[in-house]
Amino acid sequence: MKKILATITVASLSMGLFASAFTDAYQAANKEEKARKLQTAVTSYLSAADVAEKPTDKANAYFRAGECMRQIPGKWLDAVGYYKKELEVKGASANQKSGAQLRIGQCYYWNRKNAEAIPELEKVQSMPGAHPHHISDSLSHIGLANMRLKKYDEATAAFNKALAVQKIHPNNISTAQLGLGHCAREQKNYDEAIAEYQKVAGIAKVHPHHASDALRYIGMCYYEQKKYPEAIKAYEQCIAAKGAHPYHVYNSSMYIGHSLRNQKKYPEAVAAYEKAVTCTKKMHPHWVSDAHRYIGHVYLYNLKDYPKAKAAFEQVLNDKGAHPSHVNDAKNQLKKIEKLTKK
């Protein structure tokens with residue numbers, strides 16, 4: 001009896017040590033991931049996987065290793081390798097396995113390997129116990145990949161299948177709904193595209209970023225048809241939308257400027273571009289230099305106000321973190337202004 005108790009005690013201690021080792025390694029990896037020390041986090045997650053006793057812990061550690069690795073430039077194929085390791089874990093949950101397979105397909109898609117992405121994404125649908133969110137998301141990415149390949153019928157069918165999946169998150173619904181709008185827009189079926197984008201607002205608990213994206217694309221549909229007043233109205237709705245994504249606000253602000261410029265309303269266009277400079281608290285430096293650059297272009301080419309054009313392009317050179325292409329453009333425009341003013 002004492003021998004049996006001793007054996008049980010040793011086994012319990014051993015399991016406790018393994019559990020503690022896993023927890024310590026996983027928590028260390030998590031801290032490194034949050035600190036954006038991604039390569040170090042990968043190593044720590046792999047260490048956690050090595051000492052994990054529970055299959056679900058091992059699978060989760062491999063998944064996090066993949067999540068970190070895919071964010072390191074040029075390392076997405078290594079990430080795929082970790083997701084595949086997760087699939088090999090005996091005893092991993094069905095949700096974990098379908099999530100890993102989804103990520104494999106997404107990695108190919110995100111790196112523009114569209115033909116390779118589709119068969120990987122298709123595997124998700126046939127996995128026993130695959131999570132409905134993963135099924136829907138895989139179908140939407142099949143749609144997106146087919147859209148890149150200009151296979152619009154296949155893309156539309158995939159998006160509709162994604163919408164037909166039961167018990168899915170509102171984000172899955174809106175992703176597929178946006179995809180249907182994109183399919184129609186790329187084929188220049190603008191009325192159909194607008195109708196699909198308008199459905200996004202009616203989705204219960206839709207993410208604000210998806211809602212603002214739909215409004216932005218409605219504006220784009222009108223803009224591409226040169227229906228500039230309608231485009232401006234849609235862009236203004238995007239800017240005013242609660243919780244709109246900062247990029248959507250900036251992009252809409254810029255296209256209001258473009259719409260006004262195309263209507264030859266040059267002073268109003270300048271005012272719109274000036275407003276774009278401070279349109280959101282989370283302005284990326286590239287957005288600021290882009291707005292200043294367009295102000296310069298209107299003054300130079302449309303209003304022929306060379307002093308103001310010069311000031312705008314000089315501002316681009318002074319913008320902290322300006323995009324290199326904006327800087328090069330500003331330098332070229334300043335040379336043109338110098339020639340024009342010497343005549």
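We're numbering straight along the sequence, starting at 1. Keep in mind it's a predicted model, so treat the numbers as computed, not measured.
Between Cys279 atom SG and Tyr250 atom OH the span is 8.5 Å, to the nearest 0.5 Å. Note that the CD atom of Gln225 and the CD1 atom of Ile194 stand 6.0 Å from one another [nearest 0.5 Å]. In this structure, the separation between CG on Leu300 and CD1 on Ile295 is 13.5 Å, given to the nearest 0.5 Å. Rounding to the nearest 0.5 angstrom, the gap separating the OG atom in Ser259 from the CD atom in Glu268 is 12.5 Å.
For the residue pair Gln96 / Thr56, no side-chain donor-acceptor distance below 3.5 Å is found, with atom types taken as modelled. Of the N and O atoms on the side chains of Glu314 and Asn318, not one donor lies less than 3.5 Å from an acceptor on the other residue. Side-chain polar atoms of Asn171 and His133 form no donor-acceptor pair below 3.5 angstrom. A donor and an acceptor atom, one from each side chain of Tyr294 and Glu274, are nowhere located under 3.5 Å apart. Under the 3.5 Å distance criterion, with hydrogens and angles disregarded, no donor-acceptor pair is assigned to the side chains of Gln333 and Arg293. Donor-acceptor pairing under 3.5 Å is recorded for the side chains of Glu32 and Ser44. In summary, the side chains of Tyr45 and Glu33 do present a donor paired with an acceptor at a separation below 3.5 Å, with no hydrogens or angles considered.
You'll find the ring centres of Tyr82 and Phe63 outside the 6.0 Å limit. Tyr273 has its ring centre no less than 6.0 Å from the ring centre of His292.
A perpendicular orientation is assigned to the rings of Tyr247 and His245, their planes being inclined by more than 60° (bins at 30° and 60°). Aromatic ring pairs are classed by plane angle as parallel below 30°, tilted from 30° to 60° and perpendicular above 60°; the pair Tyr255 and His258 is perpendicular.
Counting heavy atoms from C-beta on, the side chains of Lys310 and Leu334 come closer than 4.5 Å. Looking only at side-chain heavy atoms (C-beta outward), Gln263 and Ile232 come within less than 4.5 Å of each other. Within the 4.5 Å cutoff, the side chain of Tyr223 has heavy atoms near those of the Asn262 side chain. You'll find the side chain of Ile142 reaches within 4.5 Å of the side chain of Gln125, heavy atoms only. Residues Phe159 and Leu139 have side chains not in contact (no heavy-atom distance under 4.5 Å, counting atoms from C-beta outward). The shortest side-chain heavy-atom distance between Lys113 and Trp76 falls under the 4.5 Å cut-off. Using a 4.5 Å heavy-atom threshold, the side chains of Glu67 and Tyr83 count as touching. Between Trp110 and His141, some side-chain heavy-atom pair lies under the 4.5 Å cut-off.
Summarising the geometry of Phe313 relative to Gly296, their closest heavy-atom pair is CZ-C, 3.3 Å, with the distance given to 0.1 Å. The heavy-atom pair separating Pro208 from Lys242 by the smallest distance is CB-O, 3.5 Å.
In summary, Glu224 and Arg185 engage in a salt bridge, as defined by a charged side-chain N under 4.0 Å from a carboxylate O. At a threshold of 4.0 Å, the pair Lys123-Glu120 counts as salt-bridged, since one of the basic side-chain nitrogens sits closer than that to a carboxylate oxygen.
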| request: Apply salt bridge (Lys or Arg N to Asp or Glu O under 4.0 Å) to the pair Glu88 and Lys85, showing each step before the final yes or no. | output: CA-CA 5 Å; Glu88 293 168 0; Lys85 278 184 174 291; 5.4 Å; no
| task | Tell me, with the steps shown, if Asp329 and Val316 meet side chain to side chain contact (heavy atoms under 4.5 Å, CB included). | result | CA-CA 9 Å; Asp329 181 43; Val316 175; over 6 Å; no
| Under the salt bridge (Lys or Arg N to Asp or Glu O under 4.0 Å) criterion, do Glu196 and Lys199 qualify, and how do the steps go? | CA-CA 5 Å; Glu196 296 293 356; Lys199 292 177 185 177; 3.5 Å; yes
| message | Asp137 vs His134, test: side chain to side chain contact (heavy atoms under 4.5 Å, CB included). Steps then yes/no. | response | CA-CA 5 Å; Asp137 209 8; His134 299 158; 5.8 Å; no
| Verdict with supporting geometry, Asn251 and Met220, side chain to side chain contact (heavy atoms under 4.5 Å, CB included) | CA-CA 10 Å; Asn251 186 250; Met220 194 64 68; 4.3 Å; yes
| request: Could you check Glu53 against Asp57 for side chain to side chain contact (heavy atoms under 4.5 Å, CB included), going step by step and ending with a plain yes or no? | output: CA-CA 7 Å; Glu53 282 284 290; Asp57 286 343; over 6 Å; no
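Cluster membership for Val270 and Trp287, using ILVMFWY side-chain heavy atoms within less than 4.5 angstrom, is shared. Hydrophobic clustering (side-chain heavy atoms under 4.5 Å, transitive across Ile, Leu, Val, Met, Phe, Trp, Tyr) keeps Val327 apart from Tyr299. Residues Ile173 and Leu144 share a hydrophobic cluster, clusters being chains of Ile/Leu/Val/Met/Phe/Trp/Tyr side chains in contact below 4.5 Å. Linking ILVMFWY side-chain heavy atoms closer than 4.5 Å, directly or via other members, places Leu317 and Ile337 in a single hydrophobic cluster. Taken together through direct or relayed side-chain contacts under 4.5 Å among Ile, Leu, Val, Met, Phe, Trp and Tyr, Ile168 and Leu180 form part of one hydrophobic cluster.
Enclosure of atom OH in Tyr222 is not indicated, since only 12 or fewer non-hydrogen atoms of other residues, nucleotides or ligands lie within 6.0 angstrom.
In this structure, Tyr62 has no ring pair (Phe, Tyr, Trp, His ring centres under 6.0 Å) partners at least two apart in sequence or on a different chain.
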